[in-house]
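One-based numbering along the sequence shown.
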Amino acid sequence: MAHLDSDSPTPVPTLQRRLGLVQATALNMIDMVGIGPFVTLPLVMGFMGPNFLLAWLVGAALAAIDGLVWSELGAAYPEAGGSYRFLKLAYGEQKWGRLMSFLYVWQTLIQSPLVLASGAIGFAQYFGYLVPLTEWWQPKLVAGSVVLLLIVLLYRRIEDIGKLGVALWVGVLALMGWLIFGGLTHAHHSVAVLPSGGVPALPGLLLSGAMGHAAVNAIYSYLGYYNVCHLGAEIKRPEKVIPRSIFLSIVGIAGLYLLMNWSVGTVIPWQEVQSWQSGAGDKSQFIVSVFVERLYGPAAATVATAMVLLVAFASLFAVLLGYSRIPYAAAADGEFLPVFGKLHPTKQFPYVSLLLLGGVGFVFSLLFRLGEVIAAILAMRILVQFVGQAVGLVLLRRRRGTATLPFKMPLYPLPVVLVILVWLFVFVGIAPVAVEWGGVRFNLYFQVAALGMMALGAVAFLLWSRQQKRWPFIK
């Protein structure tokens, strides 16, 4: 369907509502899984030891509470761009909302390519189990090629993408089911859900530094439950489909993660994982492959590794699809560079946004390491997107009331307060990394980098607003 531009009789293509509950949930779930749980599982074991399952429970709880915020906003304002629209509406469309939404789009131009890079780098890491990548440039070649292939596959109509997403979702469920079945039928070691001291020991463990580091990795693996909100303008019956798809994906993925981690832990004990990490030739980076090889042999491990790669690719597919709609929404709204607002004349998708984000993701996949990318992703998202959005929901409720909300979170405002506090705890807990630049070694604090990007974004916003002669340069 198209509409007529007011200055021209030529039809202007618009986004269409063609994705239902199954497709929306599938895109959320493949976005959430990706390479994350397969590369972070051993990291969480290394930090938490016998209590590694607790970190995945904490990640699921945060996703569920934050999902209430996304569900209420997504059902009420089902438009392209997700957080971009939520922030603009919440803080005022003519003043501070323009700044907040601009900062979000500004960060999206960096953090969404970082997400692409993280998946592509993890893909190359597991690909090394199948084909040894001994030269420094070989993993980079694999990672870069993955991003380029994604761009080619996404250069098409949305309904075709929805069908492909469901097909990839089947692959996700098949792999997770296989791993869980392997643990259920070959369990040799016990795995604890609660710490050895029982419930009284929980508060101290939850506030420990180890939990902070483990939570960063676990939460990274849950991110994506809100992907449907970025596609709000393309969802059928969004007032019902968006909340349902968010919670179906969170519950489904939490169950799969907990069962998968339990299964791996019953076959490969956490002590063995920690011993790998402390020595040379760390096999934990291929822990799923080692798990399957131990149960079924090398041939089965090769198949499992190939399935991990399929899941990783499927997740990146959903990520680039969702994020490509954000700069488009801002440009179509007159709040970002107009070139991002262009839709393909026949296939009706934001092709400029897709090509630019994919291109930057390609460059990042060649430059960075996986741990650095994961930390940077969370640091850049938390303040503007997660915390800013939660505060914005409170502002919207005060200004517009709740009578017309299709979905209202229970126990308001408790979930909002909790989600803000936990996100700030995670932000503070992001560990620095040692960096060497020009012969000088120093610790890079991602919190400082995130604040720096916000400052640069604010400067860019002021320059843009001055050029457009808009607030704060006019009353």
Side-chain angles (χ1 to χ4, degrees), residues 3 5-7 12-15 69-70 73-74 76-113 226-227 229-235 238 320-344 348-360 380-381 383-393 395-396 399-400 450 452-475:
H3 69 269
D5 186 276
S6 58
D7 298 323
V12 178
T14 58
L15 297 174
V69 175
W70 284 92
L73 292 171
Y77 311 104
E79 304 171 33
S83 292
Y84 164 77
R85 288 297 300 160
F86 304 156
L87 291 168
K88 188 173 183 182
L89 291 170
Y91 291 90
E93 295 186 73
Q94 301 304 319
K95 293 185 177 181
W96 292 104
R98 292 187 62 242
L99 172 62
M100 291 296 291
S101 59
F102 185 95
L103 288 177
Y104 172 67
V105 180
W106 173 264
Q107 292 184 342
T108 296
L109 296 181
I110 302 299
Q111 63 98 358
S112 59
Y226 44 76
N227 188 51
C229 292
H230 301 321
L231 304 170
E234 297 162 270
I235 302 298
L320 184 53
L321 169 65
Y323 279 116
S324 66
R325 270 57 180 174
I326 296 171
Y328 160 78
D333 208 22
E335 298 290 354
F336 212 65
L337 299 176
V339 67
F340 287 96
K342 292 185 177 180
L343 290 177
H344 193 280
Q348 300 180 7
F349 70 95
Y351 69 101
V352 174
S353 182
L354 173 69
L355 292 175
L356 185 134
L357 295 183
V360 176
M380 291 193 63
R381 287 185 179 185
L383 294 182
V384 173
Q385 185 177 23
F386 295 127
V387 174
Q389 193 165 272
V391 173
L393 184 144
L395 298 176
L396 278 170
R399 189 164 64 248
R400 301 190 177 190
M453 283 299 301
M454 290 175 62
L456 288 174
V459 172
F461 170 78
L462 292 174
L463 294 174
W464 171 257
S465 296
R466 184 175 182 179
Q467 181 185 13
Q468 298 294 308
K469 298 181 179 180
R470 303 179 66 180
W471 180 87
F473 295 99
I474 60 170
K475 295 183 180 180

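The two residues Leu462 and Pro472 come nearest to each other via the heavy atoms CD2-CG, 3.8 Å. Scanning both residues, Leu357 and Ser112, for their nearest heavy atoms gives CD2-OG, 3.6 Å. The heavy-atom pair separating Leu87 from Met100 by the smallest distance is CD1-O, 3.8 Å. When all heavy atoms are compared, the tightest approach of Cys229 to Gly74 is SG-CA, 4.1 Å. Closest approach of Ala390 and Val69 over heavy atoms only: CA-CG1, 4.2 Å. Between Arg470 and Glu335, the shortest heavy-atom contact is NH2-OE2, 3.0 Å.
The aromatic rings of Trp96 and Trp471 stand perpendicular to each other, their planes meeting at an angle above 60°, with 30° marking the opposite boundary. Using a 30° and 60° split on the angle between ring planes, Phe336 and Phe340 fall in the tilted class, from 30° to 60°.
For Ser101, there are no side chain to side chain donor-acceptor pair (under 3.5 Å) partners two or more places apart in sequence or in a different chain.
The only member of Gln385, Lys88, Gln107 that meets side chain to side chain donor-acceptor pair (under 3.5 Å) when paired with Ser83 is Gln385.
Side-chain atoms of Arg399 come within 3.5 Å of backbone N or O of Ala90 as a donor-acceptor pair. In this structure a side-chain-to-backbone donor-acceptor pair under 3.5 Å is missing from Tyr323 to Gln111. The backbone N or O of Ala458 sits nowhere less than 3.5 Å from a side-chain atom of Trp106 that would complete a donor-acceptor pair.
A 4.5 Å side-chain heavy-atom check between Leu109 and Val360 finds every atom pair outside the cut-off. Contact of the Phe86 side chain with the Leu396 side chain is not registered, since no non-hydrogen atoms from C-beta on lie closer than 4.5 Å. Inter-residue side-chain proximity for Trp70 and Phe386 is flagged as met; some heavy-atom pair is nearer than 4.5 Å. Taking the side chain as every heavy atom from C-beta outward, Leu343 and Tyr328 approach each other to under 4.5 Å. Using a 4.5 Å heavy-atom cutoff, the side chains of Tyr91 and Val391 are in contact.
More than 12 heavy atoms of other shown residues, nucleotides or ligands fall within 6.0 angstrom of atom CZ in Arg400.
We find the OG-CG distance between Ser324 and Leu231 to be 8.0 Å, quoted to the nearest 0.5 Å. Atom CZ of Phe473 and atom CD of Gln468 lie 12.0 Å apart (nearest 0.5 Å). Within the model, atoms CZ of Arg381 and OH of Tyr104 stand 7.5 Å from one another, a figure rounded to the nearest 0.5 Å.
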Derivation of the side-chain contact (heavy atoms from CB on, under 4.5 Å) call for His230 and Asn227: CA-CA 6 Å; His230 301 321; Asn227 188 51; 3.9 Å; yes
Leu73/Leu89 under side-chain contact (heavy atoms from CB on, under 4.5 Å): CA gap, chis, key distance, verdict: CA-CA 10 Å; Leu73 292 171; Leu89 291 170; over 6 Å; no
